[in-house]
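Beneath this line is the structure, given in structure tokens, with notes to follow.
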Amino acid sequence: MTKKIVITGIGATSPLGGTAADSWSALLAGESGTSTLDHEWVARTQLPVTFAAQARVPSVDVLARHETKRLDPSSQFALIAGREAWADAGSPEADPERLAVDWATGIGGVWTLLDAWDTLRERGPRRVLPMTVPMLMPNGPGAAIGMDLHARAGITTVVSACASSTESLVNAYNRLQAGLADIVIAGGSEAAIHPLPIASFAAMQALSKRNDDPATASRPYDITRDGFVLGEGAAALVVETEEHAKARGARIYAELLGGAVTSDAYHITAPDPDGTAAARAMITAIRNADASLADVSHINAHATSTPVGDIAEYNALRCVFGDLLDGIPVSATKASTGHLLGGAGAIEALFTVLALAKRMAPPTINLLNQDPSIPLDVVTMPRTLPSGDLLAISNSFGFGGHNAVVAFRSV
């Protein structure tokens, strides 16, 4: 028997705000989380890209000192978002044996790893911290949440590049359907604003180079788009069976209808230009939701602002929806947040949930001259969504050809 799975709590720390509510408000206000980096290492390393979308509220302003000392920034962000989501869900008195974590990251503890390498080279092995491995491992963020909330039904980490945290939501849904837990904290985090990732992404021509105007650098679908903006942060969603949520009197934001995961098997960085596998992920997600294409009322697109990626996703969308696509409002929220890599799917799923709960599609900023080869109905100002039953999907696609899509329904 298929169970209803619902979202009962949300949390975030992002380039737009230190909480989910603040991030949502800034998103609706059309703010950009991107700014020039003021770290000394930007000039010292002669980076070709000098801006990024940093978390608006530093972790040190939120966490205890011992937590910031013993956790990589990716785990710090995870803990902040996870705690907020748990409190937002009412801090349920959950059976630890029925509480699980499905978390995600694209890179993991890159700051810890590279700082430790510098220490080893410059000061020798005795100066390397004993907590280095626990801090750098990709499952560290999920483990931090799991230990904080005493989740003993399992802690799983997904590492599927930029599709990671959308896949974690699909896994959470499947875990609950299988009866392996009653509540799952799902989401993703990333903290990769470091010279090496920036230099590497820039070398492959993936990043925007608008150093003179960083706030408008992320411009999905614009004819002048030239790459994505690296972002950081985390988002968490408390996912549980409707039966469990109602038994404890929980507020419900939206229903999670499941999703789908596919792969291109095409290229390690470039998407399949035909979008065939991405289209199959969308179709399967909608089919798994027991819905039709005509039921989809809103799309939060992956839309990284890269010349190739935006067109590939459009081709996939057109393949799926045909002429129906012309009537579906599309939001591309990376224009405001930058690209959180492994955390992107989670923050965008959170925005999709709020779009349904608030009946408001968030805007896509910086779109001044829409690419005529991508004729989407892009939301550029907050747009009221219709009353009645609404269904929305959120797309994520990542290096390695990973495709993940989740579907939500209003309640």
Side-chain angles (χ1 to χ4, degrees), residues 5 7 10-12 14 78 81 85 101-107 138 141-142 156-176 184-190 228 231 233-239 254-264 271 275 277-289 296 298-304 309 312-313 316-317 320 330-334 337-356 391-409:
I5 308 301
I7 307 298
I10 55 174
S14 81
V101 177
D102 276 294
W103 203 254
T105 183
I107 294 178
T156 303
T157 297
V158 176
V159 183
S160 298
C162 307
S164 299
S165 50
T166 299
E167 189 171 338
S168 76
L169 281 163
V170 176
N171 289 347
Y173 175 88
N174 291 335
R175 189 191 292 263
L176 291 166
V184 180
I185 300 94
S189 56
E190 205 75 84
F228 74 84
L237 297 91
V238 176
V239 190
E255 181 182 356
L256 172 60
L257 300 172
V261 175
T262 65
S263 54
D264 288 352
R280 183 159 50 86
M282 286 183 263
I283 291 170
T284 304
I286 295 166
R287 184 185 300 127
N288 289 346
V296 176
H298 175 55
I299 297 170
N300 191 305
H302 183 60
T304 59
E313 184 177 12
L317 286 165
V320 172
V330 176
S331 296
T333 52
K334 286 185 182 71
T337 65
H339 192 352
L340 273 63
L341 307 181
I347 190 70
E348 288 155 24
L350 187 153
F351 289 153
T352 305
V353 165
L354 286 176
L356 294 178
L391 186 147
I393 64 171
S394 182
N395 292 340
S396 293
F397 311 118
F399 282 1
H402 301 285
N403 309 302
V405 179
V406 282
F408 300 96
R409 178 178 285 131

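Closest non-hydrogen pair, Phe397 versus Asn403, comes out as CD2-OD1, 3.2 Å. Considering all non-hydrogen atoms of both residues, His298 and Ser331 come closest at CE1-OG, 3.1 Å. When all heavy atoms of Val184 and Ala172 are compared, the closest pair comes out as CG1-CB, 3.7 Å. The shortest non-hydrogen separation linking Ala407 to Leu256 is O-CD1, 3.6 Å. Pairing each heavy atom of Leu350 with each of Ala235, the nearest pair is CD1-CB, 4.2 Å. Closest heavy-atom contact between Pro141 and Pro138: CD-O, 3.2 Å.
Side chains of Val239 and Asp102 form no contact here, defined as non-hydrogen atoms less than 4.5 Å apart. Glu190 is listed as a side-chain neighbour of Ile107, based on a closest heavy-atom distance under 4.5 Å. With contacts defined as side-chain heavy-atom distances shorter than 4.5 Å, the pair Val296/Met282 does not qualify. The closest side-chain heavy-atom distance from Tyr173 to Val406 is not below 4.5 Å. Annotation: side chain of Thr284 is in contact with side chain of Arg287 (closest heavy-atom distance under 4.5 Å). Considering only heavy atoms from C-beta on, Thr166 stays 4.5 Å or farther from Val405 through its side chain.
Between atom CG of residue Leu391 and atom CD of residue Glu255 there is a gap of 9.0 Å, rounded to the nearest 0.5 Å. Taking SG of Cys162 as the start and CZ of Phe399 as the end, the distance is 6.5 Å to the nearest 0.5 Å. Here the straight-line distance linking atom CD1 of Ile185 with atom CH2 of Trp103 works out to 9.0 Å at 0.5 Å rounding. Note that the OG atom of Ser164 and the CG atom of Asn171 stand 10.5 Å from one another [nearest 0.5 Å]. In this structure, Ile5 CD1 and Phe408 CZ are separated by 12.0 Å, a value rounded to the nearest 0.5 Å. Taken from CD in Glu348 to CG in Asn300, the straight-line distance is 5.0 Å, to the nearest 0.5 Å.
Side-chain atoms of His339 never come within 3.5 Å of backbone atoms of Phe228 as a donor-acceptor pair (strictly under, hydrogens ignored). Under a 3.5 Å cut-off, the side chain of Ser165 and the backbone N or O of Gly342 do form a donor-acceptor pair. With hydrogens and angles disregarded, no donor-acceptor distance shorter than 3.5 Å links the side chain of Ser189 to the backbone of Gly343. The backbone N or O of Val158 sits nowhere less than 3.5 Å from a side-chain atom of Ser168 that would complete a donor-acceptor pair. Between the side chain of Glu167 and the backbone N or O of Ala404, no donor-acceptor pair lies under 3.5 Å. A distance-only check finds a donor-acceptor pair linking the side chain of Asn288 to the backbone of Gly259 [under 3.5 Å].
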